[in-house]
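Just so you know, these numbers come straight off a predicted model, no measurement behind them. As the structure lists them, so they are numbered: ligands from 1, and atoms in each ligand from 1.
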Amino acid sequence: MERVLPFRFAEGEGVFWLLDQRRLPLEEVWVPVRTAREMASAIRGMVVRGAPAIGVSAAYGMVLAHLAGEAPEEADRLLRASRPTAVNLFHALDRMKAHWGDLEGSLKEARALWREVEETEKAISLHGARVLRGQVLTHCNTGPLATGGYGTALGAIVEAHRRGRVRHVWVDETRPYLQGARLTAYELKKAGVPATLIADSMAGFLMGKGQVDAVIVGVDRMALNGDFANKIGTYALAVLARHHGIPFYAALPLASVDPSLPTGEGIPLEERPPEEVLELRGVRLAPPGFPAYHPAFDLTPHRYLTGIVTEKGVLYPPFDEGLRDALGLA
Ligand SMILES: CSC[C@H]1O[C@H](OP(=O)(O)O)[C@H](O)[C@@H]1O
């Protein structure tokens, strides 16, 4: 897949540039970030989003803190408070903590983390391509923009297409933030993969007509038993896929697993401003004053999963054994 990088670090300038994902696909606008405080605001505001991309950005947020003279403790606090669900953010900040007060050490750790994210995504794409065929449906955005530059679920889809296994992709628009319509469509068009945008409500209809051969989605946080949090709408897709006997996969780097959680019950599910449901590009959709609810993630029980695609291969039930083994846990 053409590498649509979500960010770049201009080391000489001390600036981490973010491709503003709120403006895509119609405008490619780069936003400079010079402090951890600005990075936390950019993550919260979804200038950059996607679990692995959030992790890399938070790591460089700590590099910027050292360059800007921010107190590491305060920088860490601000970044941890930016978004609650993607565990990659917290794993990254845990790694950076060892280098508080050390600019060179912080820079080396952030570079290493980004490099590891890229390597895991390449492996995920190769392993995932082997389980996909025909027409695949995906939800939200899990391509280069959400990751370190190669993608997870979408990386597997693009690799499977390159191998002649996948011939077409159904792209869920992914209301209300429209990551599918705006970002996945943007990436698949650049990658030259045949794809069609659908409203989220159309997925079951297409499954019932035999037009979906597999579903693959990303993960923001997975528990040790395979329960996982992902973009709102994922759970509904999982139930529909099970009803129609369609294989359902989650693709993730092991850095998206939270080893402190035996089940998904403890995963924090972010709620975002109701305005993101009530408005579209600033155009009001509902009557003035009408209330809205915006759970940005939902929890899918592991029993709905056919397989879990990781950089170490595809795991099949019982997932807790496979995940513990992949993580090197007893
Ligand atoms: C490769 S993980 C991408 C993951 O992140 C998305 O959430 P958001 O756009 O709110 O950051 C969504 O859950 C994707 O599956």
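Residue contacts with ligand 1 include Asn230, since one of its heavy atoms falls under 4.0 Å from the ligand. Heavy atoms of Asn141 approach ligand 1 to within less than 4.0 angstrom. At a 4.0 Å cut-off, not a single heavy atom of Leu252 sits close enough to ligand 1 to count as contact.
Listed by number with element, the atoms of ligand 1 under 4.0 angstrom from any heavy atom of Ala51 are 2 (S), 3 (C), 5 (O). Against a heavy-atom cut-off of under 4.0 Å, Met46 is close to the following atoms of ligand 1: 9 (O), 10 (O). Short contacts between ligand 1 and Thr142, defined as distances under 4.0 Å to a heavy atom of the residue, involve ligand atoms 15 (O). Counting the atoms of ligand 1 from 1 in the order shown, those under 4.0 Å from a heavy atom of Thr152 are 1 (C). Residue Gln179 has at least one heavy-atom neighbour below 4.0 Å for each of these atoms of ligand 1: 8 (P), 9 (O), 10 (O). Close approach of ligand 1 to Lys231 (heavy-atom distance below 4.0 Å) involves ligand atoms 7 (O), 8 (P), 10 (O), 12 (C), 13 (O). Each of the atoms 3 (C), 5 (O), 11 (O) of ligand 1 lies under 4.0 Å from some heavy atom of Gly50.
When heavy-atom distances to ligand 1 are checked against a 4.0 Å cut-off, Val219 comes that close only through its backbone atoms N, CA, C and O. Residue Tyr177 does not touch ligand 1, judged by heavy-atom distances below 4.0 Å.
Side chains of Arg324 and Phe319 form no contact here, defined as non-hydrogen atoms less than 4.5 Å apart.
The closest non-hydrogen atom to atom 6 (C) of ligand 1, taken over Ala53, Cys140, Gly143, comes from Cys140. Relative to atom 2 (S) of ligand 1, the option among Gly218, Pro52, Ala229 with the closest non-hydrogen atom is Pro52.
The OG1 atom of Thr234 lies 9.5 Å from the CG atom of Asp200; values are rounded to the nearest 0.5 Å.
By the 4.0 Å N-to-carboxylate-O rule, Arg175 lies too far from Glu173 to be salt-bridged with it.
Checked by distance only, ligand 1 and Arg83 come closer than 3.5 Å through their nitrogen or oxygen atoms.
Atom CZ of Phe205 has 12 or fewer heavy atoms from other residues, nucleotides or ligands within 6.0 Å. Remark: Glu265 CD is loosely packed, at most 12 non-hydrogen atoms of other residues, nucleotides or ligands lying under 6.0 Å away.
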Exercise. Could you walk me through whether Gln21 and Tyr177 pass the side-chain hydrogen bond (donor to acceptor under 3.5 Å, both in side chains) test, one step at a time?
Key: CA-CA 11 Å; Gln21 299 191 30; Tyr177 211 75; over 6 Å; no
Exercise. Report the C-alpha separation of Arg49 and Gln179 in whole Å, then their side-chain angles, then the decisive distance to 0.1 Å, and conclude whether the side-chain hydrogen bond (donor to acceptor under 3.5 Å, both in side chains) test is met.
Key: CA-CA 10 Å; Arg49 32 64 51 201; Gln179 288 92 332; over 6 Å; no
Exercise. Go through Arg221 and Phe228 one step at a time and tell me if the side-chain contact (heavy atoms from CB on, under 4.5 Å) criterion holds.
Key: CA-CA 6 Å; Arg221 189 181 307 216; Phe228 70 100; over 6 Å; no
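With no hydrogens or angles considered, a side-chain donor-acceptor pair links Ser260 and Asp258 at under 3.5 Å.
Atom 13 (O) of ligand 1 has as its closest protein heavy atom Asp220 OD1, 2.5 Å.
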